[in-house]
Amino acid sequence: MITIAVANQKGGEGKTTTSLNLAMGLARRNLKTLLIDMDPQANSTGIFLNPETVEKDLAHLFQNSASLKEIITPAYNEHLWVAPSSMRLAEMETVSVNSVEAPYILRDSLSSVKEFDFVIIDCPPSLSIFTVNSLVAANFVLIPLQAEKFSMDGIMGLQQTISSIKKRINPDLEILGALITQLKPQTLLTKTILPVLTKYFRIFEHTISDGVAIGESHLAKKSVFDYNRTSRQSQEYEGFIEEVLNELKK
């Protein structure tokens, strides 16, 4: 089982979009995939379920009233399952952070779902206890980010968090790479910033261009592949997923 945390503490970088389409793309390749929505905003959950009517979600896991096995539910097709979130999860942050076991809750719970080929974790836009849980549980970190000045400003904080967790808790944690999203390739800003980003992380060759297909697919509650398989963004995500799979084979 390969566990990938999709993380970046800055919002609007494409974490949920990348988590959704990576999970759905893997499931379309008949790989049994679990998508874990660790963000209390529950945007990933909302593609498949109504977060307000879900009986059990990750808040129940963090309050030790349900196991991960009890929380997960089928989604999209027979190969994709989701561990849903809701705003209730935000209420658990202050409770969980005071527990010695807090960083290990998600990691320990994954032992009950080893039948999956992949686990994709959609992290919240912060370095909260939920992001820490995700990094402790993961084999790899995938970092979506834009080729923008403000996107670069938070990189050092994320790097330090990953390094600290790798050193102290999860020595097997590796950065899979950074995926550039919402790319505007011909701008001077992009041409200036991309070479700088390569000093921090491995940058995937495939990038996701700016366009309306992603936003429209969210409204339709579909993957970009199912919404418009001929769109540029669909083809880019397909290429990115193949690149991920090839990288994991090395």
Side-chain angles (χ1 to χ4, degrees), residues 1-8 12-39 41-51 54 57-58 68 71-85 110 113 115-124 134 137-144 176-183 204 206-249:
M1 185 169 74
I2 296 173
T3 302
I4 302 173
V6 183
N8 189 325
E13 299 296 289
K15 286 186 299 297
T16 294
T17 297
T18 298
S19 299
L20 284 168
N21 286 294
L22 175 57
M24 292 182 185
L26 292 169
R28 290 173 75 243
R29 289 162 170 79
N30 298 327
L31 294 165
K32 191 169 184 180
T33 304
L34 173 60
L35 174 62
I36 297 179
D37 188 358
M38 286 292 282
D39 188 348
Q41 295 179 79
N43 290 327
S44 288
T45 300
I47 297 294
F48 310 104
L49 308 164
N50 182 348
V54 171
D57 59 40
L58 286 164
L68 186 60
I71 292 168
I72 63 175
T73 184
Y76 184 63
N77 66 16
E78 69 272 21
H79 299 292
L80 180 63
W81 292 60
V82 62
S85 181
L110 286 174
V113 292
E115 67 270 23
F116 288 95
D117 299 306
F118 281 90
V119 176
I120 306 300
I121 309 173
D122 183 11
C123 298
S134 303
N139 307 116
F140 298 98
V141 188
L142 169 62
I143 305 168
L176 189 59
L179 172 68
I180 306 301
T181 64
Q182 303 174 53
L183 182 68
F204 283 99
H206 290 84
T207 58
I208 311 302
S209 59
D210 195 29
V212 300
I214 295 294
E216 291 175 350
S217 69
H218 293 166
L219 287 174
K221 295 190 174 183
K222 294 181 177 180
S223 70
V224 70
F225 319 116
D226 295 315
Y227 177 72
N228 184 352
R229 64 184 302 174
T230 63
S231 69
R232 177 184 295 179
Q233 290 77 25
S234 174
Q235 295 171 25
E236 289 166 345
Y237 264 115
E238 287 282 17
F240 161 68
I241 292 169
E242 286 301 315
E243 192 175 350
V244 167
L245 292 172
N246 288 335
E247 183 67 22
L248 291 173
K249 290 176 183 176

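Every value quoted in this text rests on a predicted model; they were computed, and no experiment measured them. Values below: all heavy atoms of this structure, side chains included; hydrogens, waters and symmetry mates excluded.
In this structure, the side chains of Ile241 and Leu22 come closer than 4.5 Å at one or more pairs of heavy atoms. Here the side chains of Leu20 and Phe48 are in contact, with some heavy-atom distance below 4.5 Å. Looking at Ile4 and Leu176, their side chains come closer than 4.5 Å, going by heavy atoms from C-beta outward. Contact of the Leu68 side chain with the Leu58 side chain is registered, since non-hydrogen atoms from C-beta on lie closer than 4.5 Å. Contact of the Leu110 side chain with the Phe116 side chain is not registered, since no non-hydrogen atoms from C-beta on lie closer than 4.5 Å.
Taking CD1 of Ile121 as the reference point, atom CG of Asp39 lies at 13.0 Å (rounded to 0.5 Å). To the nearest 0.5 Å, atom CD of residue Glu238 and atom NE2 of residue His206 are 10.0 Å apart. Residue Asn30 holds its CG atom at 7.0 Å from CD of Glu78, rounded to the nearest 0.5 Å. Atom-to-atom distance recorded for Phe140:CZ and Thr3:OG1 is 9.5 Å, nearest 0.5 angstrom. Atom OG1 of Thr17 and atom NZ of Lys15 lie 10.0 Å apart (nearest 0.5 Å). Taking OG of Ser19 as the start and CG of Leu142 as the end, the distance is 7.5 Å to the nearest 0.5 Å.
In this structure, Ser134 and Ala5 approach most closely via the heavy-atom pair O-CB, 4.0 Å. The shortest heavy-atom contact between Leu31 and Phe118 is CD1-CE1, 3.8 Å.
Side-chain N or O atoms of Asp57 include none that pairs as donor or acceptor with a backbone N or O of Pro84 at under 3.5 Å. A donor-acceptor pair is defined here as one N or O able to donate and one able to accept, closer than 3.5 Å; such a pair exists between the side chain of Asp117 and the backbone of Lys32.
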- Query: How far apart are the C-alpha atoms of Ile72 and Leu34, what are their side-chain angles, what is the distance that settles it, and do they pass the side-chain contact (heavy atoms from CB on, under 4.5 Å) test?
  - Reply: CA-CA 8 Å; Ile72 63 175; Leu34 173 60; 3.6 Å; yes
- Message: Run the side-chain contact (heavy atoms from CB on, under 4.5 Å) test on Ser44 and Val82 for me, step by step, so that the C-alpha distance in whole Å, both residues' side-chain angles and the decisive distance to 0.1 Å come before the verdict.
- Response: CA-CA 9 Å; Ser44 288; Val82 62; 5.8 Å; no
- Message: Please determine whether side-chain contact (heavy atoms from CB on, under 4.5 Å) holds for the pair Glu115 and Val113, giving the CA-CA distance in whole Å, both sets of side-chain angles, and the decisive distance to 0.1 Å.
- Response: CA-CA 5 Å; Glu115 67 270 23; Val113 292; 4.1 Å; yes
- Query: Where do Asn21 and Phe240 land on the side-chain contact (heavy atoms from CB on, under 4.5 Å) test, with the steps shown first?
  - Reply: CA-CA 10 Å; Asn21 286 294; Phe240 161 68; over 6 Å; no
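Residues forming a side chain to side chain contact (heavy atoms under 4.5 Å, CB included) with Glu236 (at least two apart in sequence, or on another chain): Ile208, Ser209, Arg232, Gln233. With sequence neighbours left out, Ser85 forms a side chain to side chain donor-acceptor pair (under 3.5 Å) with no residue at all.
When each of Ile47, Thr45, Asn43 is tested with Thr16 by the rule side-chain contact (heavy atoms from CB on, under 4.5 Å), just one qualifies, namely Asn43.
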